[in-house]
Amino acid sequence: MIPTVALNDGTSFPELGFGTYKLQGEDGVAAIEAAIGAGYRLLDSAVNYENETEVGEAVRRSGIRDELIVTTKVPGRDHGYDQTIRSAHASLERLGLERIDLYLIHWPNPSVGRYVETFRAMVDLQSDGAVGSVGVSNFTEQMLTRLIEETGVTPAVNQVEMHPYFPQAALRAFHAAHGIRTESWSPLARRSELLAEQVVADVAAAHGVTPTQAVLRWHTQLGSTPIPKSATPARQRENADVFGFTLTDDEMAALSSLERGRLWGGDPETHEEM
Ligand SMILES: NC(=O)C1=CN([C@@H]2O[C@H](COP(=O)(O)OP(=O)(O)OC[C@H]3O[C@@H](n4cnc5c(N)ncnc54)[C@H](OP(=O)(O)O)[C@@H]3O)[C@@H](O)[C@H]2O)C=CC1
Ligand SMILES: O=C(O)C(=O)[C@@H](O)[C@H](O)C(=O)CO
(Lines give C-alpha, C1' and ligand atoms only; values in the text may rest on other atoms or scores of the structure.)
(Ligands and ions follow the chains in the order given, each with its own letter.)
Protein backbone atom coordinates (compact mmCIF):
# COMPACT_ATOMS: atom_id res chain seq x y z
CA MET A 1 0.00 0.00 0.00
CA ILE A 2 1.35 3.41 -0.98
CA PRO A 3 0.47 5.94 1.75
CA THR A 4 -1.38 9.15 0.97
CA VAL A 5 -1.36 12.79 2.04
CA ALA A 6 -4.10 15.41 1.71
CA LEU A 7 -3.75 18.06 -1.00
CA ASN A 8 -4.82 21.65 -0.26
CA ASP A 9 -8.20 20.88 -1.87
CA GLY A 10 -8.75 17.86 0.38
CA THR A 11 -7.90 15.21 -2.23
CA SER A 12 -6.17 12.10 -0.88
CA PHE A 13 -2.93 11.95 -2.87
CA PRO A 14 -0.36 9.14 -3.06
CA GLU A 15 3.14 9.72 -1.69
CA LEU A 16 4.52 7.97 -4.81
CA GLY A 17 3.15 7.73 -8.35
CA PHE A 18 3.95 6.34 -11.78
CA GLY A 19 5.53 8.20 -14.72
CA THR A 20 4.47 7.21 -18.23
CA TYR A 21 6.69 9.26 -20.57
CA LYS A 22 7.72 6.97 -23.48
CA LEU A 23 5.13 4.29 -22.61
CA GLN A 24 3.07 3.93 -25.77
CA GLY A 25 1.21 1.33 -27.80
CA GLU A 26 0.11 -2.07 -26.53
CA ASP A 27 3.38 -2.49 -24.60
CA GLY A 28 2.67 0.84 -22.94
CA VAL A 29 -0.86 -0.20 -21.95
CA ALA A 30 0.51 -3.44 -20.51
CA ALA A 31 3.20 -1.60 -18.56
CA ILE A 32 0.71 0.89 -17.09
CA GLU A 33 -1.70 -1.93 -16.25
CA ALA A 34 1.13 -3.78 -14.51
CA ALA A 35 1.95 -0.66 -12.49
CA ILE A 36 -1.64 -0.38 -11.30
CA GLY A 37 -1.47 -4.06 -10.37
CA ALA A 38 1.71 -3.33 -8.41
CA GLY A 39 -0.16 -0.78 -6.29
CA TYR A 40 0.38 2.57 -8.04
CA ARG A 41 -2.70 4.77 -7.81
CA LEU A 42 -1.31 8.03 -9.26
CA LEU A 43 -0.61 8.03 -13.02
CA ASP A 44 1.24 10.85 -14.79
CA SER A 45 0.56 11.61 -18.45
CA ALA A 46 0.54 14.63 -20.78
CA VAL A 47 -0.82 15.57 -24.18
CA ASN A 48 2.76 15.75 -25.36
CA TYR A 49 3.50 12.13 -24.31
CA GLU A 50 0.98 11.05 -26.96
CA ASN A 51 -0.19 8.24 -24.67
CA GLU A 52 -3.45 9.46 -23.11
CA THR A 53 -5.28 6.75 -25.06
CA GLU A 54 -2.99 4.11 -23.60
CA VAL A 55 -3.38 5.48 -20.06
CA GLY A 56 -7.17 5.48 -20.39
CA GLU A 57 -7.17 1.92 -21.71
CA ALA A 58 -5.01 0.69 -18.82
CA VAL A 59 -7.34 2.45 -16.36
CA ARG A 60 -10.38 0.72 -17.88
CA ARG A 61 -8.66 -2.68 -17.86
CA SER A 62 -7.72 -2.24 -14.20
CA GLY A 63 -11.35 -2.24 -13.10
CA ILE A 64 -10.53 0.21 -10.30
CA ARG A 65 -11.00 3.55 -12.05
CA ASP A 66 -12.39 5.22 -8.89
CA GLU A 67 -9.20 4.44 -6.94
CA LEU A 68 -6.93 6.11 -9.48
CA ILE A 69 -5.71 9.67 -9.89
CA VAL A 70 -5.13 10.26 -13.60
CA THR A 71 -2.96 13.25 -14.44
CA THR A 72 -2.61 15.01 -17.76
CA LYS A 73 -1.09 18.34 -18.75
CA VAL A 74 -1.94 21.28 -21.01
CA PRO A 75 0.77 21.69 -23.66
CA GLY A 76 2.22 25.12 -24.47
CA ARG A 77 0.44 25.35 -27.83
CA ASP A 78 -2.92 25.22 -25.98
CA HIS A 79 -2.27 28.06 -23.54
CA GLY A 80 -5.08 30.64 -23.35
CA TYR A 81 -8.58 30.42 -21.84
CA ASP A 82 -10.61 29.01 -24.75
CA GLN A 83 -7.73 26.89 -26.00
CA THR A 84 -7.38 25.25 -22.58
CA ILE A 85 -11.08 24.42 -22.36
CA ARG A 86 -10.83 22.78 -25.80
CA SER A 87 -7.59 21.02 -24.89
CA ALA A 88 -9.12 19.53 -21.73
CA HIS A 89 -12.10 18.15 -23.63
CA ALA A 90 -9.79 16.66 -26.27
CA SER A 91 -7.76 15.01 -23.49
CA LEU A 92 -10.94 13.61 -21.92
CA GLU A 93 -11.89 12.20 -25.31
CA ARG A 94 -8.51 10.50 -25.76
CA LEU A 95 -8.47 9.22 -22.18
CA GLY A 96 -12.04 7.96 -22.56
CA LEU A 97 -12.71 9.18 -19.02
CA GLU A 98 -15.29 11.53 -17.56
CA ARG A 99 -12.79 13.46 -15.45
CA ILE A 100 -9.13 14.47 -15.42
CA ASP A 101 -8.28 13.90 -11.77
CA LEU A 102 -5.20 16.15 -11.73
CA TYR A 103 -4.74 18.75 -14.47
CA LEU A 104 -1.40 20.56 -14.78
CA ILE A 105 0.10 23.31 -16.93
CA HIS A 106 3.03 21.39 -18.43
CA TRP A 107 5.50 24.29 -18.82
CA PRO A 108 4.87 27.98 -18.01
CA ASN A 109 6.34 29.27 -21.30
CA PRO A 110 6.86 32.79 -19.86
CA SER A 111 7.57 34.40 -23.24
CA VAL A 112 4.05 33.41 -24.37
CA GLY A 113 2.64 35.01 -21.21
CA ARG A 114 -0.66 33.11 -21.01
CA TYR A 115 -0.30 30.85 -18.02
CA VAL A 116 -2.63 32.93 -15.81
CA GLU A 117 -5.57 32.71 -18.24
CA THR A 118 -4.76 29.05 -18.78
CA PHE A 119 -5.03 28.45 -15.05
CA ARG A 120 -8.33 30.40 -14.88
CA ALA A 121 -9.76 28.01 -17.46
CA MET A 122 -8.57 25.04 -15.40
CA VAL A 123 -10.28 26.42 -12.29
CA ASP A 124 -13.52 26.78 -14.29
CA LEU A 125 -13.13 23.21 -15.57
CA GLN A 126 -12.79 22.16 -11.94
CA SER A 127 -16.04 23.97 -11.05
CA ASP A 128 -17.75 22.15 -13.94
CA GLY A 129 -16.53 18.77 -12.65
CA ALA A 130 -14.40 17.99 -15.72
CA VAL A 131 -11.25 18.30 -13.59
CA GLY A 132 -10.55 17.14 -10.04
CA SER A 133 -7.46 18.98 -8.76
CA VAL A 134 -5.68 21.85 -10.51
CA GLY A 135 -1.93 22.30 -10.47
CA VAL A 136 1.13 23.30 -12.44
CA SER A 137 4.48 21.93 -13.52
CA ASN A 138 7.85 23.62 -13.85
CA PHE A 139 6.71 26.81 -12.09
CA THR A 140 9.17 28.99 -10.19
CA GLU A 141 8.40 30.75 -6.91
CA GLN A 142 7.79 34.02 -8.79
CA MET A 143 5.41 32.38 -11.25
CA LEU A 144 3.49 30.68 -8.44
CA THR A 145 3.21 33.97 -6.59
CA ARG A 146 1.79 35.69 -9.66
CA LEU A 147 -0.69 32.86 -10.27
CA ILE A 148 -1.94 32.94 -6.67
CA GLU A 149 -2.20 36.74 -6.58
CA GLU A 150 -4.01 37.04 -9.91
CA THR A 151 -6.42 34.11 -9.60
CA GLY A 152 -6.85 33.76 -5.84
CA VAL A 153 -6.31 30.00 -6.23
CA THR A 154 -3.27 28.14 -4.95
CA PRO A 155 -2.29 25.20 -7.20
CA ALA A 156 -2.57 21.88 -5.40
CA VAL A 157 0.64 20.53 -6.96
CA ASN A 158 3.81 21.79 -8.65
CA GLN A 159 5.53 18.97 -10.56
CA VAL A 160 9.20 19.88 -10.96
CA GLU A 161 12.57 18.36 -11.74
CA MET A 162 13.89 16.91 -8.49
CA HIS A 163 16.47 14.25 -7.60
CA PRO A 164 19.60 14.23 -5.40
CA TYR A 165 21.51 16.14 -8.10
CA PHE A 166 18.83 18.87 -7.91
CA PRO A 167 17.09 18.79 -4.52
CA GLN A 168 15.04 22.01 -4.94
CA ALA A 169 15.37 23.07 -1.28
CA ALA A 170 14.22 26.68 -1.76
CA LEU A 171 11.24 25.83 -3.95
CA ARG A 172 10.17 23.05 -1.56
CA ALA A 173 10.23 25.51 1.33
CA PHE A 174 7.98 27.88 -0.66
CA HIS A 175 5.61 24.99 -1.45
CA ALA A 176 5.46 24.01 2.22
CA ALA A 177 4.66 27.59 3.25
CA HIS A 178 1.78 27.74 0.72
CA GLY A 179 0.35 24.23 1.00
CA ILE A 180 1.49 23.14 -2.48
CA ARG A 181 2.45 19.48 -2.86
CA THR A 182 5.78 18.92 -4.61
CA GLU A 183 5.90 16.18 -7.24
CA SER A 184 9.36 15.07 -8.46
CA TRP A 185 9.85 14.43 -12.17
CA SER A 186 12.84 12.34 -13.30
CA PRO A 187 13.14 11.30 -9.64
CA LEU A 188 15.85 8.75 -10.53
CA ALA A 189 17.62 11.38 -12.61
CA ARG A 190 16.44 9.38 -15.61
CA ARG A 191 18.87 6.53 -14.92
CA SER A 192 21.93 8.73 -15.17
CA GLU A 193 25.00 7.86 -13.13
CA LEU A 194 23.03 8.74 -9.98
CA LEU A 195 22.20 5.12 -9.18
CA ALA A 196 25.90 4.21 -9.35
CA GLU A 197 27.04 6.92 -6.91
CA GLN A 198 28.94 5.46 -3.94
CA VAL A 199 26.92 7.44 -1.42
CA VAL A 200 23.70 6.03 -2.87
CA ALA A 201 25.12 2.51 -2.69
CA ASP A 202 26.20 3.04 0.93
CA VAL A 203 22.80 4.34 2.04
CA ALA A 204 21.05 1.51 0.22
CA ALA A 205 23.34 -1.13 1.76
CA ALA A 206 22.72 0.22 5.26
CA HIS A 207 19.03 -0.62 4.85
CA GLY A 208 19.32 -3.73 2.67
CA VAL A 209 17.50 -1.99 -0.19
CA THR A 210 18.41 -1.12 -3.78
CA PRO A 211 19.93 2.24 -4.82
CA THR A 212 16.67 3.11 -6.53
CA GLN A 213 14.70 2.45 -3.36
CA ALA A 214 17.07 4.61 -1.31
CA VAL A 215 16.64 7.51 -3.74
CA LEU A 216 12.85 7.21 -3.85
CA ARG A 217 12.69 7.11 -0.04
CA TRP A 218 14.75 10.32 0.04
CA HIS A 219 12.01 11.99 -2.05
CA THR A 220 9.14 10.80 0.12
CA GLN A 221 10.91 11.78 3.35
CA LEU A 222 11.42 15.28 1.91
CA GLY A 223 7.66 15.51 1.42
CA SER A 224 7.68 15.14 -2.36
CA THR A 225 5.76 12.61 -4.45
CA PRO A 226 8.18 10.97 -6.92
CA ILE A 227 6.74 9.56 -10.15
CA PRO A 228 9.36 7.02 -11.34
CA LYS A 229 8.79 5.51 -14.77
CA SER A 230 9.59 1.90 -15.52
CA ALA A 231 8.46 -0.33 -18.35
CA THR A 232 9.49 -3.38 -16.31
CA PRO A 233 7.03 -4.91 -13.80
CA ALA A 234 9.80 -6.12 -11.45
CA ARG A 235 11.27 -2.62 -11.30
CA GLN A 236 7.81 -1.12 -10.84
CA ARG A 237 7.32 -3.32 -7.76
CA GLU A 238 10.79 -2.45 -6.47
CA ASN A 239 10.14 1.28 -6.91
CA ALA A 240 6.81 1.16 -5.06
CA ASP A 241 8.25 -0.76 -2.10
CA VAL A 242 9.95 2.09 -0.24
CA PHE A 243 7.81 2.64 2.83
CA GLY A 244 9.23 -0.11 5.07
CA PHE A 245 12.43 1.69 6.09
CA THR A 246 13.45 5.20 7.17
CA LEU A 247 16.62 7.05 6.21
CA THR A 248 18.48 8.83 9.01
CA ASP A 249 19.05 12.59 8.98
CA ASP A 250 22.71 11.94 8.09
CA GLU A 251 21.72 9.69 5.19
CA MET A 252 19.23 12.28 3.93
CA ALA A 253 21.94 14.95 4.09
CA ALA A 254 24.46 12.68 2.36
CA LEU A 255 22.08 12.14 -0.58
CA SER A 256 21.26 15.86 -0.77
CA SER A 257 24.98 16.66 -0.84
CA LEU A 258 25.12 15.19 -4.35
CA GLU A 259 23.56 18.47 -5.54
CA ARG A 260 25.11 19.73 -8.77
CA GLY A 261 22.22 21.09 -10.88
CA ARG A 262 19.61 20.24 -13.48
CA LEU A 263 19.99 17.20 -15.75
CA TRP A 264 19.63 18.90 -19.15
CA GLY A 265 18.91 22.59 -18.74
CA GLY A 266 15.15 22.45 -18.19
CA ASP A 267 15.09 25.90 -16.56
CA PRO A 268 11.46 27.11 -16.75
CA GLU A 269 12.61 30.72 -17.14
CA THR A 270 14.22 29.86 -20.48
CA HIS A 271 13.13 26.35 -21.57
CA GLU A 272 9.77 26.42 -23.35
CA GLU A 273 7.77 23.54 -24.81
CA MET A 274 4.84 23.78 -27.16
N1 LIG B 1 6.52 17.76 -16.02
C2 LIG B 1 7.62 17.59 -16.74
O3 LIG B 1 8.13 18.52 -17.39
C4 LIG B 1 8.26 16.27 -16.78
C5 LIG B 1 7.59 15.17 -16.29
N6 LIG B 1 8.16 13.91 -16.31
C7 LIG B 1 7.39 12.79 -15.72
O8 LIG B 1 8.21 12.15 -14.74
C9 LIG B 1 8.26 10.75 -15.04
C10 LIG B 1 9.55 10.13 -14.54
O11 LIG B 1 10.67 10.78 -15.11
P12 LIG B 1 11.59 10.10 -16.24
O13 LIG B 1 12.20 11.21 -17.00
O14 LIG B 1 10.80 9.08 -16.96
O15 LIG B 1 12.79 9.45 -15.43
P16 LIG B 1 12.99 8.52 -14.16
O17 LIG B 1 13.88 9.28 -13.24
O18 LIG B 1 11.69 8.00 -13.65
O19 LIG B 1 13.84 7.35 -14.76
C20 LIG B 1 13.30 6.44 -15.70
C21 LIG B 1 14.43 5.53 -16.16
O22 LIG B 1 14.92 4.77 -15.05
C23 LIG B 1 14.84 3.39 -15.35
N24 LIG B 1 14.46 2.71 -14.10
C25 LIG B 1 13.27 2.79 -13.46
N26 LIG B 1 13.27 2.04 -12.35
C27 LIG B 1 14.49 1.44 -12.29
C28 LIG B 1 15.07 0.53 -11.37
N29 LIG B 1 14.41 0.08 -10.31
N30 LIG B 1 16.35 0.12 -11.61
C31 LIG B 1 17.03 0.60 -12.70
N32 LIG B 1 16.52 1.46 -13.60
C33 LIG B 1 15.25 1.87 -13.40
C34 LIG B 1 13.80 3.26 -16.43
O35 LIG B 1 14.07 2.15 -17.26
P36 LIG B 1 12.96 1.00 -17.59
O37 LIG B 1 11.71 1.68 -18.04
O38 LIG B 1 13.64 0.22 -18.67
O39 LIG B 1 12.79 0.23 -16.33
C40 LIG B 1 14.00 4.56 -17.21
O41 LIG B 1 15.08 4.42 -18.13
C42 LIG B 1 8.08 10.71 -16.56
O43 LIG B 1 7.79 9.42 -17.02
C44 LIG B 1 6.98 11.72 -16.73
O45 LIG B 1 5.73 11.14 -16.39
C46 LIG B 1 9.43 13.74 -16.77
C47 LIG B 1 10.16 14.80 -17.29
C48 LIG B 1 9.62 16.14 -17.34
O1 LIG C 1 8.73 14.61 -20.20
C2 LIG C 1 8.29 15.75 -20.06
O3 LIG C 1 7.26 15.96 -19.39
C4 LIG C 1 8.95 16.90 -20.68
O5 LIG C 1 8.53 17.98 -20.41
C6 LIG C 1 10.10 16.79 -21.63
O7 LIG C 1 10.83 17.99 -21.56
C8 LIG C 1 11.04 15.67 -21.40
O9 LIG C 1 11.50 15.77 -20.09
C10 LIG C 1 12.20 15.56 -22.29
O11 LIG C 1 12.59 14.51 -22.56
C12 LIG C 1 12.93 16.74 -22.83
O13 LIG C 1 14.16 16.27 -23.35
Side-chain angles (χ1 to χ4, degrees), residues 5-11 13-15 17 19 42 44 46-48 69 71-81 83-85 87-88 100-127 131-163 166-187 219-220 222-227 256 259 261-263 265-274:
V5 290
L7 296 182
N8 64 16
D9 60 9
T11 300
F13 192 71
E15 290 188 32
L42 169 64
D44 185 64
V47 171
N48 281 347
I69 296 185
T71 310
T72 195
K73 312 188 190 91
V74 193
R77 62 185 175 281
D78 290 343
H79 283 200
Y81 187 93
Q83 296 90 326
T84 298
I85 302 285
S87 190
I100 297 165
D101 303 311
L102 174 62
Y103 201 31
L104 307 179
I105 299 177
H106 200 151
W107 286 87
N109 290 1
S111 78
V112 176
R114 289 182 158 185
Y115 61 75
V116 174
E117 46 181 309
T118 298
F119 195 64
R120 282 208 180 94
M122 292 162 65
V123 171
D124 286 351
L125 285 159
Q126 185 182 37
S127 301
V131 162
S133 298
V134 289
V136 295
S137 177
N138 299 303
F139 271 51
T140 64
E141 181 175 331
Q142 290 72 22
M143 293 165 184
L144 288 166
T145 301
R146 182 174 166 211
L147 207 62
I148 295 165
E149 283 177 0
E150 294 193 23
T151 67
V153 179
T154 302
V157 165
N158 188 16
Q159 184 187 111
V160 294
E161 177 174 357
M162 181 171 149
H163 38 72
F166 196 59
Q168 293 272 25
L171 187 59
R172 279 189 288 105
F174 180 86
H175 288 171
H178 290 79
I180 300 168
R181 180 72 182 173
T182 311
E183 255 191 303
S184 312
W185 62 251
S186 293
H219 286 273
T220 66
L222 287 176
S224 186
T225 291
I227 47 170
S256 297
E259 178 160 14
R262 298 181 189 276
L263 287 176
D267 180 346
E269 296 283 5
T270 50
H271 177 79
E272 307 212 333
E273 292 194 9
M274 288 299 158

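All values derive from a computational prediction rather than experimental measurement.
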Side chain proximity check, M122 to I105, heavy atoms < 4.5 angstrom: yes
Any N138 side-chain heavy atom under 4.5 Å of H271 side chain: no
Check: F166 and L263 side chains under 4.5 Å, non-hydrogen atoms: no
For S256 against P167, the heavy-atom pair lying closest together: O-CG, 3.8 Å
Donor-acceptor under 3.5 Å (R114 side chain, Y81 main chain): no
Shortest non-hydrogen separation from P155 to L147 and the atoms involved: CG-CD2, 3.8 Å
Pair N158, H175: side-chain N/O donor-acceptor within cut-off below 3.5 Å: yes
For S133 against T11, the heavy-atom pair lying closest together: OG-OG1, 3.2 Å
Short side-chain to backbone donor-acceptor contact, T225 and P14, under 3.5 Å: yes
Any side-chain heavy-atom pair of E117 and E150 under 4.5 Å: no
Heavy-atom check, side chain of Q168 versus side chain of L222, under 4.5 Å: no
Separation of D101 CG from I69 CD1 (nearest 0.5 Å): 6.5 Å
Side-chain donor or acceptor of T118 paired with backbone N/O of G80 under 3.5 Å: yes
Atom pair CD/CG of E161 and L171 - distance to nearest 0.5 Å: 11.5 Å
pair V136-Y115: side-chain heavy atoms closer than 4.5 Å: no
Minimal non-hydrogen separation, Y103 against T84, with atom names: OH-O, 3.9 Å
Residues H219, S184; criterion side-chain hydrogen bond (donor to acceptor under 3.5 Å, both in side chains); working and verdict: CA-CA 8 Å; H219 286 273; S184 312; 2.9 Å; yes
Distance-minimising heavy-atom pair for S186 and H163: O-CD2, 3.3 Å
Residues E272, S111; criterion side-chain hydrogen bond (donor to acceptor under 3.5 Å, both in side chains); working and verdict: CA-CA 8 Å; E272 307 212 333; S111 78; 2.8 Å; yes
Nearest-0.5 Å distance that lies between atom OG in S87 and atom CG in L125: 9.5 Å
Between OG1 on residue T154 and CD1 on residue I148, distance to nearest 0.5 Å: 4.0 Å
Close side-chain approach of R77 and Q83, heavy atoms under 4.5 Å: no
From R120 atom CZ to I85 atom CD1, the distance as rounded to the nearest 0.5 Å: 12.5 Å
For N48 against M274, the heavy-atom pair lying closest together: ND2-C, 3.8 Å
Side-chain donor-acceptor pair present, R172, S224, cut-off under 3.5 Å: no
Donor-acceptor pair, side chain of N8 and main chain of G179, under 3.5 angstrom: yes
Residue list, salt bridge (charged side-chain N to carboxylate O under 4.0 Å, His left out) with D44, at least two apart or on another chain: K73
Whether E15 side chain and V5 backbone form a donor-acceptor pair below 3.5 Å: no
Within-4.5 Å side-chain heavy-atom neighbours: V123 and T151: no
Interatomic spacing from CZ in F119 to CG in D124 - rounded to 0.5 Å: 11.0 Å
Set of residues satisfying salt bridge (charged side-chain N to carboxylate O under 4.0 Å, His left out) with respect to D9, sequence neighbours excluded: none
